[in-house]
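See below for the structure under consideration.
Just so it is clear, the values below take in all heavy atoms, side chains as well, and ignore hydrogens, waters and symmetry mates.
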Amino acid sequence: MNYWAVLLAAVSSFMLGGLWYSPVLFGKMWNDENGGVKQDGHPAKVFGIAFLFSLLAAVTFARWIGPEASLEYALKHGLMAGFGMAAACFGINYQFAQRSFKLWLIDGGYHTAQFLVFGLILGLWH
């Protein structure tokens, strides 16, 4: 496993999330769909734990695709992991929680993009 590529994938996930959930893209819509209530929490703790989860996802994905994955293979697996696993699991939970389809598109779209970026980085840099 290329640890530098995995670290870059984790950082990219964190950066993508910052952009994805910012007011520039889906932040306002995401907040509205969640009831408009801003959660309390210390930013360092929230961002620190979020980064650890991003790192866990990147390591797991890298182990899944292996150290010599081609770009095509890595991108296909990124789509499968992001849309076919993460977004699908969110869809199940969101149905039972009766959350909106729009919220599922935002959150599921982020994880699909996240794993596609993982695939891009790990497929190019192995």
Side-chain angles (χ1 to χ4, degrees):
M1 181 181 337
N2 182 331
Y3 293 104
W4 291 111
V6 169
L7 184 60
L8 179 61
V11 169
S12 74
S13 168
F14 202 68
M15 294 172 64
L16 175 66
L19 178 62
W20 195 271
Y21 292 104
S22 75
V24 173
L25 290 180
F26 304 109
K28 182 178 177 349
M29 190 183 320
W30 183 82
N31 196 43
D32 291 346
E33 291 298 310
N34 274 307
V37 178
K38 188 173 182 177
Q39 301 260 338
D40 290 332
H42 192 278
K45 179 182 176 185
V46 171
F47 287 111
I49 292 172
F51 181 75
L52 289 177
F53 280 125
S54 295
L55 185 59
L56 174 63
V59 167
T60 302
F61 185 77
R63 298 277 304 178
W64 183 45
I65 65 169
E68 298 299 323
S70 69
L71 179 59
E72 180 183 2
Y73 182 88
L75 287 172
K76 284 181 182 178
H77 281 73
L79 183 60
M80 286 191 296
F83 186 72
M85 293 182 206
C89 289
F90 270 74
I92 294 166
N93 290 349
Y94 283 21
Q95 280 302 298
F96 283 101
Q98 297 194 5
R99 291 185 163 191
S100 73
F101 182 69
K102 189 184 291 185
L103 185 61
W104 176 79
L105 287 173
I106 295 168
D107 289 335
Y110 164 71
H111 288 291
T112 301
Q114 171 193 26
F115 282 98
L116 283 169
V117 171
F118 284 178
L120 179 67
I121 291 168
L122 296 169
L124 287 173
W125 189 15
H126 46 90

ask   = Looking at W104, Y21, F90, which hits ring-ring contact (aromatic ring centres under 6.0 Å, His included) with Y110?
value = Y21
inquiry  = With a 4.5 Å cut-off on side-chain heavy atoms, are I121 and S12 touching?
reply    = yes
key: Sub-4.5 Å side-chain heavy-atom contact between R99 and E33   = no
In Å, rounded to the nearest 0.5 Å, how long is the span from [atom1] of [X] to [atom2] of [Y]?
{"X": "L8", "Y": "F118", "atom1": "CG", "atom2": "CZ", "value": "10.0 Å"}
{"X": "L122", "Y": "I65", "atom1": "CG", "atom2": "CD1", "value": "4.5 Å"}
{"X": "Q95", "Y": "F101", "atom1": "CD", "atom2": "CZ", "value": "9.5 Å"}
{"X": "H111", "Y": "L16", "atom1": "NE2", "atom2": "CG", "value": "10.0 Å"}

Solution key, residues 47-60 side-chain donor-acceptor pairs under 3.5 Å, sequence neighbours excluded:
residue : atom : partner : partner atom : Å
S54     : OG   : S13     : OG           : 3.4
S54     : OG   : A50     : O            : 3.1
T60     : OG1  : L56     : O            : 2.8

inquiry  = Under the rule for side chain to side chain donor-acceptor pair (under 3.5 Å), what residues qualify as partners of S70, not counting sequence neighbours?
reply    = none
remark   = Connected to I92, directly or through other members, by ILVMFWY side-chain contacts below 4.5 Å are F96
ask   = Passes side chain to side chain contact (heavy atoms under 4.5 Å, CB included), W4 versus W125? Steps please.
value = CA-CA 9 Å; W4 291 111; W125 189 15; 3.4 Å; yes
key: Over 12 non-hydrogen atoms of neighbours within 6.0 angstrom of CE in M1   = yes
Which donor-acceptor pairs under 3.5 Å do the side chains of residues 22-31 make with protein atoms, sequence neighbours left out?
residue : atom : partner : partner atom : Å
S22     : OG   : L19     : O            : 2.8
S22     : OG   : V24     : N            : 3.2
K28     : NZ   : D32     : OD2          : 3.0
W30     : NE1  : D107    : OD1          : 2.9

Verdict with supporting geometry, V6 and N2, side chain to side chain contact (heavy atoms under 4.5 Å, CB included) = CA-CA 6 Å; V6 169; N2 182 331; 5.8 Å; no
Donor-acceptor pairs under 3.5 Å, side chain of residues 76-89 to any protein atom, not counting sequence neighbours: which ones?
residue : atom : partner : partner atom : Å
K76     : NZ   : E72     : OE2          : 3.0
H77     : ND1  : Y73     : O            : 2.9
H77     : NE2  : Y73     : OH           : 3.4

